[in-house]
Amino acid sequence: MTEDKYSHFIPECDSPKDEINYFAKSKDIEPNELDFRVVEIFTYIKTHAQTHFNESKNEKLQNYLEKEYWDDASFKIKQKYAINIVSKNSEDSFPYTINIISNRTKTKIDAVINIEDSMNTLKNLESRLYDELIRRKIRHGLLVFDFDHERLKGEVVEFAKLLKRGDIEDEYTINLCSLSQPKVSVDAKIRYIYREKNKKNEGEEKVDYKERDFMIAVKEDEEIIEVIKPQKGDDYRDCAGVFVKAKDPTSEAKIDFNTDETIEQVDEDNRVVFIAARNGYVSEENSRITIKEEMEINEVSFKNTGSLRAGIDSGMVVRIEENNFLKESIGEGLSIEVSEVYAAGNIGSGVEIKAREVEIGGQTHMSSNIYADTVHIAIHKGYVKAKEVFIGSLEGGVVDAQTCEVEKSLSGVIRAQNVFIEDLHSHSRIYASNKIEIDKISGDENRFFIDPKAYYEVQEEIEEIEKQNALFLKELSTNQRELQKRLDLISQNRENIESIKEKIADIKRKNGTPPKILLDRIKKFKFLINGAKEIRAKIAKTHKINEELKSKIEALNSSVLDAKILVHDKWRGFNEIKFMILEPKQTFIYKPKERDREIRLIKKDQDLYEAEGFEN
């Protein structure tokens with residue numbers, strides 16, 4: 001080892017850092033060019049019965065670290081060091097990055113080692129890392145005890161082992177000190193939990209100003225406000241041996257609001273909690289906080305409210321009063337998701353509503369979307385999907401429903417099980433799986449479809465059936481090919497196997513032991529036969545499932561025969577009716593005559609159908 005020109009021994013010091021700074025100044029060099037090696041550590045203690053510090057050796061020191069002394073504020077402990085100042089890049093330095101991290105109370109200190117590819121080739125890795133960790137503890141003022149050395153050495157050895165195996169990727173953590181985590185003092189404060197619900201994640205790049213806290217929905221039994229009582233923490237001693245007295249918490253938090261029967265107050269040991277007694281939204285009016293189920297507002301707009309989202313099962317009802325035909329009850333691009341929505345006026349472009357029940361007193365925009373159980377719309381130009389839909393005037397809108405009733409249809413698309421129209425004008429497309437009934441026909445160029453897939457729930461079911469059927473047919477084809485392959489092998493080897501069986505029987509008659517190779521041939525042949533049986537069972541199961549799917553399709557086909565179109569007026573101009581059969585896929589077109597009052601599909605033979613109109 002080459003001689004270190006900056007080597008300098010200091011027999012006792014309080015701070016190696018201060019000594020390095022002083023020595024660097026005397027040599028006219030930078031302190032970061034120097035490091036130190038620990039030669040010896042001296043521990044001094046002072047109890048309440050002593051007037052000055054006394055050195056304590058390792059065998060006695062552990063006694064002073066028992067709870068009796070450690071928890072006593074008058075007990076003092078400090079360490080001094082005999083060190084040797086050396087050059088930073090001496091041969092026993094640890095040349096890789098180590099970060100020291102601590103918890104808030106400084107009762108848990110860890111060293112995080114950044115892993116580099118060349119670390120595995122470092123000479124004397126374990127001893128150099130261990131020495132560096134001891135130096136780091138000293139630099140950070142942490143107590144260093146001889147009796148803790150074995151634990152730290154064990155962690156260093158484990159690190160080296162994992163590093164050699166390649167089981168560490170980016171970094172590795174070694175604990176330098178771990179004491180009991182004290183209970184910290186808690187200041188009294190009021191936490192409005194419900195206000196936190198709609199907060200955006202910190203660091204989110206783009207804030208959507210349509211999403212406001214205008215209506216904050218809560219569920220029954222949900223905590224909405226928490227009043228934290230002041231709590232005195234524990235005195236403790238940290239990893240530097242410093243005794244820390246717990247701070248006095250702030251005084252009681254002042255409750256400056258009133259509640260009513262919609263909010264339950266529960267007094268617990270360390271807090272008072274306010275709990276919603278029903279579903280709804282939190283309303284703040286002056287100093288009064290309550291849970292309301294209905295909201296009455298003039299408009300839902302980007303400027304005043306943003307979107308309103310409470311959930312369709314929230315029990316929330318929103319009533320929107322704006323009904324000026326030049327304005328919008330619900331503004332462009334906004335959304336509402338509550339249990340019930342009643343809008344007196346129009347809804348703007350890009351609006352989306354999800355609810356149990358919806359009523360629109362004005363008109364829907366062509367780019368709007370409504371999803372609900374029951375919907376009433378005065379003038380419909382957008383899209384609606386619901387169980388029941390009632391429309392005053394259909395003007396280019398689209399409807400997916402179970403039942404749809406329209407007073408006047410000027411144009412648009414309806415897909416439902418049952419459709420009823422009071423006054424049908426021109427250019428409508430109507431799909432139904434059960435019935436279409438029309439009171440009055442005022443126009444022409446309308447198209448009608450009796451289609452089992454008209455109702456969206458049935459359509460989804462059929463799509464699933466077709467998907468399953470395709471999978472089953474693919475599986476059936478694979479199994480049939482595999483079965484045929486095995487049957488061919490069985491046929492080709494049957495005579496040979498029978499011959500082998502005779503040889504085995506002959507050997508056994510002579511009290512001999514059949515060769516293993518012959519027994520293995522028989523065993524493989526049995527395995528081949530059993531495999532063929534299993535594949536046959538799979539094919540049978542596939543056929544059974546396929547038959548079940550076919551029966552579902554047949555049931556839907558038969559429903560077309562029960563479906564009909566009823567008209568209580570004479571037909572005008574050109575109109576077209578199509579009856580759709582699923583399997584085999586067929587379409588039957590009928591052009592209604594002026595006096596047709598009922599039109600349906602008649603089955604003439606096994607796969608022969610005909611659409612017919614009746615005047616009665």
Side-chain angles (χ1 to χ4, degrees), residues 296-302 305 307-308 317-338 340-416 418-432 436-448 454 456 569:
E296 294 185 2
I297 51 178
N298 187 58
E299 64 178 2
V300 175
S301 64
F302 180 88
T305 65
S307 296
L308 306 179
V317 178
V318 175
R319 300 183 185 276
I320 308 162
E321 299 173 354
E322 179 60 71
N323 63 358
N324 187 326
F325 73 95
L326 295 176
K327 296 182 178 180
E328 293 170 342
S329 287
I330 307 173
E332 176 183 349
L334 298 177
S335 61
I336 300 180
E337 189 172 329
V338 294
E340 299 178 27
V341 178
Y342 302 97
N346 305 330
I347 64 175
S349 64
V351 167
E352 181 177 270
I353 299 174
K354 293 181 180 180
R356 295 293 180 200
E357 186 164 335
V358 176
E359 186 174 310
I360 307 298
Q363 67 181 21
T364 60
H365 191 275
M366 62 184 297
S367 63
S368 65
N369 295 278
I370 299 174
Y371 306 90
D373 291 337
T374 304
V375 179
H376 292 77
I377 303 173
I379 302 172
H380 184 48
K381 298 182 177 183
Y383 174 78
V384 60
K385 183 177 183 179
K387 297 287 186 184
E388 297 179 303
V389 176
F390 304 91
I391 296 173
S393 180
L394 180 63
E395 300 180 10
V398 178
V399 178
D400 273 317
Q402 186 174 39
T403 299
C404 178
E405 295 186 14
V406 179
E407 292 180 13
K408 181 169 62 176
S409 178
L410 300 178
S411 64
V413 178
I414 301 172
R415 295 183 288 259
N418 299 290
V419 179
F420 176 76
I421 301 174
E422 288 188 20
D423 189 359
L424 176 65
H425 288 248
S426 302
H427 307 295
S428 291
R429 282 184 294 155
I430 303 166
Y431 299 77
I436 300 172
E437 186 169 0
I438 304 166
D439 262 359
K440 180 182 178 183
I441 297 180
S442 301
D444 60 1
E445 297 291 338
N446 295 297
R447 297 179 182 276
F448 305 85
Y456 59 85
D569 194 8

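To the nearest 0.5 Å, the span separating CE on Met366 from CD on Glu395 amounts to 12.5 Å. Taken from CD in Glu407 to CD in Glu405, the straight-line distance is 9.5 Å, to the nearest 0.5 Å. Taking CG of Leu424 as the start and CZ of Phe448 as the end, the distance is 5.0 Å to the nearest 0.5 Å. Expressed to the nearest 0.5 Å, how far NZ of Lys385 lies from NZ of Lys354 amounts to 10.5 Å. Note: Ile330 CD1 to Ser349 OG = 12.0 Å, rounded to the nearest 0.5 Å. To the nearest 0.5 Å, atoms OG (Ser335) and CD (Glu352) are separated by 6.5 Å.
Considering only residues two or more places apart in sequence or on other chains, His376 meets the ring pair (Phe, Tyr, Trp, His ring centres under 6.0 Å) condition with Phe390. Every residue two or more places apart in sequence or in another chain that forms a salt bridge (charged side-chain N to carboxylate O under 4.0 Å, His left out) with Asp400 is listed here: Arg415. When the side chain to side chain contact (heavy atoms under 4.5 Å, CB included) test is applied to Glu322, the partners found at least two apart in sequence or on another chain are Asn298, Glu299, Asn324, Lys327, Ser329. By the salt bridge (charged side-chain N to carboxylate O under 4.0 Å, His left out) test, Asp569 is found to be paired with Arg572, residues two or more places apart in sequence or in another chain being considered. Under the rule for a salt bridge (charged side-chain N to carboxylate O under 4.0 Å, His left out), the partners of Lys387 that lie at least two apart in sequence or sit in another chain are Glu457. Residues passing the salt bridge (charged side-chain N to carboxylate O under 4.0 Å, His left out) test with Arg429: none are found, sequence neighbours excluded.
When side chains are defined from C-beta on, Leu334 does not count as touching Ile347, because their heavy atoms never get closer than 4.5 Å. In this structure, the side chains of Leu308 and Ile297 come closer than 4.5 Å at one or more pairs of heavy atoms. A heavy-atom distance below 4.5 Å is found between the side chains of Tyr431 and Val413. Residues His365 and Lys381 fail the side-chain proximity criterion, which asks for heavy atoms closer than 4.5 Å. Taking the side chain as every heavy atom from C-beta outward, Phe420 and Asp439 approach each other to under 4.5 Å.
A donor-acceptor pair is defined here as one N or O able to donate and one able to accept, closer than 3.5 Å; such a pair exists between the side chain of His380 and the backbone of Val398. At distances below 3.5 Å, not a single donor-acceptor pair connects side-chain atoms of Asn369 with backbone N or O atoms of Tyr383. Judged by distance alone, with hydrogens and angles left aside, the side-chain atoms of Ser426 form a donor-acceptor pair with the main-chain N or O of Asp444 at under 3.5 Å. The backbone N or O of Gly350 sits less than 3.5 Å from a side-chain atom of Ser367, completing a donor-acceptor pair.
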**Q.** Residues Glu321, Asn323; criterion side chain to side chain contact (heavy atoms under 4.5 Å, CB included); working and verdict
**A.** CA-CA 6 Å; Glu321 299 173 354; Asn323 63 358; over 6 Å; no
Q: Could you check Val399 against Val375 for side chain to side chain contact (heavy atoms under 4.5 Å, CB included), going step by step and ending with a plain yes or no?
A: CA-CA 11 Å; Val399 178; Val375 179; over 6 Å; no
Q: Please step through side chain to side chain contact (heavy atoms under 4.5 Å, CB included) for the pair Tyr342 and Glu357, ending with a clear verdict.
A: CA-CA 8 Å; Tyr342 302 97; Glu357 186 164 335; 3.6 Å; yes
Q. Stepwise, does the salt bridge (charged side-chain N to carboxylate O under 4.0 Å, His left out) test hold for Arg356 with Asp373?
A. CA-CA 5 Å; Arg356 295 293 180 200; Asp373 291 337; 3.5 Å; yes
Q | side chain to side chain contact (heavy atoms under 4.5 Å, CB included) between Thr364 and Ile370, worked out | A | CA-CA 9 Å; Thr364 60; Ile370 299 174; 4.0 Å; yes
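Here the closest heavy-atom approach between residue Asp423 and residue His425 is recorded as OD2-NE2, 3.3 Å. Taking both residues in full, the closest heavy atoms of Ala432 and Ile436 are given as CB-CG1, 3.4 Å, listed atom of the first, atom of the second, then distance. The two residues Ile377 and Gly362 make their nearest non-hydrogen contact at CG2-O, 4.4 Å. Listed here is the closest heavy atom pair of Val341 and Ala355: CG2-CB, 4.2 Å. Among all heavy-atom pairs drawn from Gly345 and Ile360, the shortest one is O-CG2, 3.5 Å.
A donor and an acceptor atom, one from each side chain of Ser409 and Ser428, are located under 3.5 Å apart.
For the side chain to side chain contact (heavy atoms under 4.5 Å, CB included) criterion with Leu394, the lone passing option out of Ile414, Ile421, Leu410 is Ile414.
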